[in-house]
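The structure under discussion appears below in the form of structure tokens.
Each residue takes its place number in the sequence, starting with 1.
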Amino acid sequence: MECAVRADTRNAALMLRLHFHDCFVQGCDGSVLLDDTATMIGEKQAEQNVNSLKGFDLVDKIKEKLEAECPGTVSCADLLAIAARDAVVLVGGPYWDVPVGRLDSKKASLDLANSDIPTAQQGLLTLIAKFWEKGLDATDMVALVGSHTIGFARCENFRDRIYGDFEMTSKYNPSSEAYLSKLKEVCPRDGGDDNISAMDSHTSDVFDNAYFETLIKGEGLLNSDQAMWSSIAGYSTSDTVNKYWADPEAFFKQFSDSMVKMGNITNPAGGEVRKTCRFVNT
């Protein structure tokens, strides 16, 4: 992970996102890493994954080294959990102890990936409900979404936002107008779906609390993020956003706790320790 992040800091966000998308489908069981087979369409084809989830080659490299050192010992699900933690630390974020012992699922679920993973266009109450279904409360949600302090979003996921209520939430101030103009250059009304922009316009390569300032200024890139501050239902989250912008230590502490909590979502069906992360053992 250190070599990968030194080569490209975006690799930190890619690994963190893989872990998140894994845990929200069947629990943290490595199911997101399974390739399609003749008898199974995997989660990589889900709407929230198909054009944006990356980092699979890096997972392959890590797993290859693990199998060479201690074969059949470290599951792909544990690999994701530890790599996500290391990724955060390598770009300036907090350290936390990662509980291990997860098993890898022998199957994936395209249907659950499509239904359970939060999307950029969903309202705040829907998002809170999705986290609640996984045993995570609104405080966990705000902290975990704070991971958007690193990483990028595709134009397809923020087009509605910048051509929608962005001006209103940012109160039409000159600096926000300049930022919005840049976003519209990156993401035209038609085409350019795969063009990207940083979700934290201040310090996109550093894991810090600057992302929460963008929400307070009304400049959140995604509808789902800005809703935590601007939504009329945001009374349950806006205070938390304020707290994490005012107190980076509180954000780091809650983020660490919430990552452990999310990482403890298990697949009750059990599983195995895969030899390769893309396929079940034969």
Side-chain angles (χ1 to χ4, degrees), residues 1-35 42-44 46 48-67 69 74-102 104-105 108 113 117-118 134 136 140 143-154 157 196 198-200 203-208 211 251-252 255-265 273-274 276-278:
M1 279 309 302
E2 184 175 1
C3 291
V5 172
R6 281 185 176 182
D8 186 348
T9 54
R10 285 186 60 198
N11 282 320
L14 297 182
M15 200 56 56
L16 185 55
R17 193 161 185 257
L18 273 176
H19 179 45
F20 181 92
H21 282 226
D22 182 36
C23 291
F24 261 66
V25 184
Q26 302 181 166
C28 310
D29 62 356
S31 60
V32 72
L33 302 173
L34 288 171
D35 279 352
E43 295 164 21
K44 294 177 181 179
Q48 282 296 92
N49 296 340
V50 65
N51 293 312
S52 58
L53 209 59
K54 300 176 181 177
F56 300 108
D57 291 342
L58 178 54
V59 171
D60 293 339
K61 291 178 182 178
I62 298 172
K63 182 61 172 173
E64 186 177 343
K65 290 181 178 292
L66 285 169
E67 287 300 307
E69 292 290 331
V74 183
S75 68
C76 299
D78 276 353
L79 182 164
L80 285 181
I82 297 168
R85 187 274 314 278
D86 291 354
V88 169
V89 171
L90 286 164
V91 289
Y95 174 93
W96 62 93
D97 290 325
V98 179
V100 295
R102 300 167 187 81
D104 297 322
S105 174
I117 298 173
K134 305 300 176 185
L136 303 166
D140 293 313
L144 291 171
V145 175
S147 63
H148 288 172
T149 183
I150 56 175
F152 290 71
R154 295 172 63 242
N157 289 322
I196 59 174
M199 288 182 281
D200 176 351
T203 54
S204 61
D205 290 336
V206 180
F207 195 100
D208 58 18
Y211 157 82
F251 168 48
F252 275 23
F255 181 82
S256 300
D257 291 346
S258 296
M259 284 296 290
V260 171
K261 193 173 174 182
M262 183 186 76
N264 285 337
I265 304 172
V273 176
R274 286 189 219 129
T276 63
C277 292
R278 292 177 182 267

I'd like to know if the side chain of [X] and the backbone of [Y] have a donor-acceptor N/O pair within less than 3.5 Å.
| X | Y | result |
| --- | --- | --- |
| Lys134 | Ile265 | no |
| Thr149 | Gly146 | no |
| Asp22 | Cys28 | no |
| Lys54 | Asn11 | no |
| Thr9 | Val5 | no |
| Asn49 | Glu43 | yes |
| Lys63 | Arg274 | yes |
| Asp60 | Cys277 | no |
| Arg85 | Tyr95 | no |

[Y] side chain reached by [X] side chain, heavy atoms, under 4.5 Å:
| X | Y | result |
| --- | --- | --- |
| Ile150 | Ser204 | no |
| Ser147 | Phe20 | no |
| Leu34 | Arg278 | no |
| Arg17 | Ser52 | yes |
| Asp200 | Val206 | no |
| Ile62 | Met1 | yes |
| Pro99 | Asn264 | yes |
| Leu18 | Met15 | yes |

If you measure from [atom1] on [X] to [atom2] on [Y], what distance do you get to the nearest 0.5 Å?
| X | Y | atom1 | atom2 | result |
| --- | --- | --- | --- | --- |
| Phe24 | Leu144 | CZ | CG | 7.0 Å |
| Cys3 | Leu90 | SG | CG | 10.0 Å |
| Cys23 | Asp29 | SG | CG | 8.5 Å |
| His19 | Ile82 | NE2 | CD1 | 10.0 Å |
| Cys76 | Leu33 | SG | CG | 6.0 Å |

Closest contact, heavy atoms only, [X] versus [Y]:
| X | Y | value |
| --- | --- | --- |
| Ala108 | Ser31 | CB-O, 3.7 Å |
| Phe152 | Met199 | O-CE, 3.7 Å |
| Ala12 | Val91 | CB-CG1, 3.9 Å |

Margin query: Taking Arg6 first and then Glu2, would you say they form a salt bridge - that is, a charged N and a carboxylate O separated by under 4.0 Å?
Written below: yes
Next item on the list: Using side-chain contact (heavy atoms from CB on, under 4.5 Å) as the criterion, point out the one residue from Val32, Leu14, Leu80 that pairs with Val59.
Entry: Leu80
Notebook entry, point to check: What residues form a salt bridge (charged side-chain N to carboxylate O under 4.0 Å, His left out) with Asp78, not counting sequence neighbours?
Noted result: Arg102
Notebook entry, point to check: What about the rings of Phe251 and Phe207, do their centers lie closer together than 6.0 Å?
Noted result: yes
